[in-house]
Amino acid sequence: MDAEKLLATFDDKIDREIRIEPKDWMPEEYRKMLIRQISQHAHSEIVGMLPEANWITRAPSLKRKATLLAKVQDEAGHGLYLYCAAETLNISREEMIDQLLSGKAKYSSIFNYPTLSWADMGAIGWLVDGAAIMNQVPLCRASYGPYARGMVRICKEESFHQRQGYEILLTLSRGSKQQKAMAQDALNRWWWPSLMMFGPNDDASPHTAQSMKWKIKRFSNDELRQKFVDVCVEQAAILGITIPDSDLKWNEERRHYDFGEINWDEFWNVVKGNGPCNKERLDARISAHENGAWVREAAMAHAEKKKRKMEKENLEKKSDVKV
Ligand code: 3HC
């Protein structure tokens, strides 16, 4: 088929909500857009393990520790599904990891903030995983098959993460005066960075329009951020803690909550690598990669040994058939 026909077939599939699969023809820009988003997403899951892993050894009970451990392991799994989905677009895992470790690739700004108290485990679950769900449920309908299918399982697990976080905050908010203060302090520190997770405002987002045209993103950054704010207000009221935004109020005309201006200087500063924990996070990933070199080498050697054994067995079978 010539280029025009290929493009027409691709556009028709997008229009008719038929998934694009790895072996289908796709415009180069669509492939690049997906690699960019999926690999950034994968890196976010992997780097996202670090702030919470910090609290595994200090969880207040065995039950909390087991739950947090499971959650952090889930994030590792999410990273792996996403790297696999990106690999179907003709980029290697090594190349993506290299982009992360060299500081070339982006990952979510939210993971560059420190986790100072146990209440932060609650705030991360409630707000960070809550924002992730808001952003990622529509991605289950993304036009690229492997990404959309991966997102289905990821969203189910994120939903458990969100509830475990909310339950931690609910327990703290019904506890002592000090525990309630911890919950409020965590909300104060995580609220604005959580709103930043949705990305720049629509008029400052270079990718949204094309991504929505290709049905990768189904909603814009601002639409999702607004939905998130609307949901959180009621959840905060149940917890009895106050969202740190004096401009937050119901707008009867819009049927949504108005909220204050996000500090975009802070956002871009964190994205550019100058957040409170950017260096710490990258250093941790680099040292994990270096310390894991022997595991990768051993796995490769084992795979090679298995391959040779199978080749030998196949040869023997063939010579048996001849006899
Ligand atoms: N942190 C870091 N970079 C961000 C960002 C954020 N919060 N928001 C946007 N950016 C970057 C974009 O990646 C893009 O950079 P690039 O041009 O160098 O690639 C630039 O800022 C402009 O932003 P756009 O809005 O134009 O970019 P997108 O259309 O890609 O939208 C997005 C950004 C909404 C994050 C979108 O990529 C997306 O939906 N990604 C999938 C979900 C995801 O990656 N979530 C990250 C959190 S994962 C997570 O939360 C783990 C869970 O376990 C808690």
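Values reported hereafter were calculated over all heavy atoms of this structure, with side chains retained and with hydrogens, waters and symmetry mates removed. The structure displayed is predicted, hence computed values, not measured ones. In each ligand, atom 1 is the first atom listed, and ligand 1 is the first ligand listed.
- In terms of protein heavy-atom proximity, atom 30 (O) of ligand 1 is nearest to Arg36 NH2, 2.9 Å.
- Using a 4.0 Å heavy-atom cutoff, Pro206 is listed among the residues neighbouring ligand 1.
- The protein non-hydrogen atom at the shortest distance from atom 7 (N) of ligand 1 is Ser109 OG, 3.1 Å.
- Grouping the Ile, Leu, Val, Met, Phe, Trp and Tyr side chains by contacts below 4.5 angstrom, directly or via other members, places Phe219 apart from Val152.
- Under the rule for a ring-ring contact (aromatic ring centres under 6.0 Å, His included), the partners of Trp264 that lie at least two apart in sequence or sit in another chain are Phe267.
- Annotation: atom 42 (C) of ligand 1 to nearest protein heavy atom, Asn135 OD1, 3.1 Å.
- Put simply, the side chain of Asn221 gets close to the backbone of Pro200: a donor and an acceptor are under 3.5 Å apart.
- Residue Ser211 places no N or O, backbone or side chain, under 3.5 Å from any N or O of ligand 1.
- Side chain of Arg218 to backbone of Arg141: a donor-acceptor contact under 3.5 angstrom is found.
- Ligand-side atoms of ligand 1 in range of Ser205: 24 (P), 25 (O), 26 (O), range being under 4.0 angstrom from any heavy atom.
- Residue Asp98 holds its CG atom at 11.5 Å from CE of Met96, rounded to the nearest 0.5 Å.
- Taking every heavy atom of Leu139 and a limit of under 4.0 angstrom, the matching atoms of ligand 1 come to 41 (C).
- Residue Arg31 places its CZ atom among more than 12 non-hydrogen atoms of other residues, nucleotides or ligands, all under 6.0 Å distant.
- Pairing each heavy atom of Asp120 with each of Ala186, the nearest pair is OD1-CB, 3.4 Å.
- Taking every heavy atom of Lys217 and a limit of under 4.0 angstrom, the matching atoms of ligand 1 come to 25 (O), 28 (P), 29 (O), 31 (O).
- Residue-level proximity to ligand 1 for His207 is carried by backbone and side chain together, each with a heavy atom below 4.0 angstrom.
- Comparing heavy-atom distances from atom 16 (P) of ligand 1 across Lys104, Lys71, Lys106 singles out Lys106 as nearest.
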For residues 227-234, please give each side-chain donor-acceptor pair under 3.5 Å, one per line with the distance, not counting sequence neighbours.
residue	atom	partner	partner atom	Å
Asp230	OD1	Gln226	NE2	3.0
Asp230	OD1	Tyr257	N	3.0
Asp230	OD2	His256	ND1	2.4

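- Taking distance alone, with nitrogen or oxygen atoms compared against 3.5 Å, Tyr147 stays at or beyond that limit from ligand 1.
- Aromatic pair Tyr83/His43: centroids less than 6.0 angstrom apart.
- Nearest protein heavy-atom neighbour of atom 13 (O) of ligand 1: Gln40 OE1, 2.6 Å.
- Of all atoms in ligand 1, listed by their number and element, those nearer than 4.0 Å to a heavy atom of Trp268 are 21 (O).
- How far CD of Gln136 is from CD1 of Ile154: 6.5 Å, rounded to the nearest 0.5 Å.
- With a 4.0 Å heavy-atom cut-off, ligand 1 is reached by the backbone of Met197 and by its side chain too.
- Taking only non-hydrogen atoms, the option from His41, Glu157, Gln37 nearest to atom 43 (C) of ligand 1 is His41.
- Dense packing is recorded around CG of Asp247, with more than 12 heavy atoms of other residues, nucleotides or ligands lying under 6.0 Å away.
- An N or O contact shorter than 3.5 Å links Glu158 to ligand 1 by distance.
- Of all the heavy atoms of Pro200, the ones lying under 4.0 Å from any atom of ligand 1 belong exclusively to the side chain.
- When the heavy-atom distances from atom 5 (C) of ligand 1 to Phe198, Phe219, Phe267 are ranked, the shortest goes to Phe267.
- Not a single donor-acceptor pair under 3.5 Å links the side chain of Lys13 to the backbone N or O of Ile18.
- Here atom 45 (N) of ligand 1 lies nearest to Gln136 when heavy atoms of Glu52, Gln136, His43 are compared.
- Residue His161 does not touch ligand 1, judged by heavy-atom distances below 4.0 Å.
- By the definition of a contact as any protein heavy atom under 4.0 Å away, atom 51 (C) of ligand 1 is in contact.
- Shortest contact from atom 54 (C) of ligand 1 to any protein heavy atom: Asp129 OD1, 3.4 Å.
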